[in-house]
Amino acid sequence: MREQPTWRIPAGILGLLAALTFYGVAVASYAPGLIGEWPTLAQTLVYIVLGVIWLLPLRRFLSWMETGNWNPPQ
């Protein structure tokens with residue numbers, strides 16, 4: 001366990017907040033114009049995919065926040 005605090009954790013939290021805010025605003029701004037005329041089920045599937053896709057880089061990001069290395073431990 002770490003004995004000294006590191007700058008990566010608060011910087012990572014702020015960066016994650018900023019990135020998620022940007023991503024959410026982008027999806028909320030552009031997706032309705034692109035898929036607004038689609039059937040409801042298709043729209044639901046697109047929004048589910050867009051709501052989960054941000055999780056893909058999260059493991060590496062959290063690994064960097066904890067260890068300073070972008071590759072997760074094996």
Side-chain angles (χ1 to χ4, degrees):
M1 189 159 181
R2 236 183 353 263
E3 292 183 21
Q4 296 293 326
T6 176
W7 63 270
R8 288 186 310 269
I9 293 176
I13 291 171
L14 291 175
L16 185 60
L17 255 166
L20 286 176
T21 300
F22 175 77
Y23 180 72
V25 168
V27 168
S29 297
Y30 297 114
L34 297 173
I35 65 171
E37 301 297 321
W38 293 8
T40 304
L41 184 58
Q43 289 183 34
T44 302
L45 292 174
V46 168
Y47 280 119
I48 288 172
V49 168
L50 290 173
V52 172
I53 204 163
W54 68 271
L55 292 170
L56 294 175
L58 191 59
R59 182 176 182 203
R60 286 181 182 254
F61 188 74
L62 292 176
S63 176
W64 171 80
M65 283 174 56
E66 286 294 323
T67 66
N69 189 1
W70 286 101
N71 296 321
Q74 300 298 329

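Quick caveat, the model's predicted, so the values are computed rather than measured.
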Exercise. Of all heavy-atom pairs between Tyr23 and Leu50, which one has the smallest distance, and what is that distance?
Worked result: OH-O, 2.7 Å
Problem set entry | In one Ile/Leu/Val/Met/Phe/Trp/Tyr side-chain cluster, 4.5 Å: Leu41, Ile48 | no
Exercise. Which distance, rounded to the nearest 0.5 Å, do you find between the CD1 of Ile9 and the CG of Leu62?
Worked result: 10.0 Å
For this session: Answer yes or no: are there more than 12 heavy-atom neighbours, outside Arg59 itself, under 6.0 Å from its atom CZ?
Result: no
Exercise. Do Ile13 and Met65 have side chains that get closer than 4.5 Å, going by heavy atoms?
Worked result: yes
Exercise. Can you name the nearest heavy-atom pair linking Arg8 to Glu66, along with the distance?
Worked result: NH2-O, 3.5 Å
Exercise. What's the spacing between Ile53 CD1 and Leu58 CG if we round to 0.5 Å?
Worked result: 13.5 Å
For this session: Please identify each residue that fulfils side-chain contact (heavy atoms from CB on, under 4.5 Å) with Ala11, with sequence neighbours left out.
Result: Trp7
Problem set entry | ILVMFWY cluster, Val52 and Leu56 together (side-chain gap under 4.5 Å) | yes
Problem set entry | Donor-acceptor contact below 3.5 Å, side chain Ser63 vs main chain Asn69 | yes
For this session: Under the side-chain contact (heavy atoms from CB on, under 4.5 Å) rule, collect the residues that match up with Leu20, sequence neighbours excluded.
Result: Leu16, Trp54
Exercise. Can you hop from Leu55 to Val46 via hydrophobic side chains spaced under 4.5 Å?
Worked result: yes
Problem set entry | Transitive ILVMFWY side-chain link Phe22 to Tyr47, under 4.5 Å | no
Exercise. Under 4.5 Å between any side-chain heavy atoms of Pro57 and Trp70, yes or no?
Worked result: no
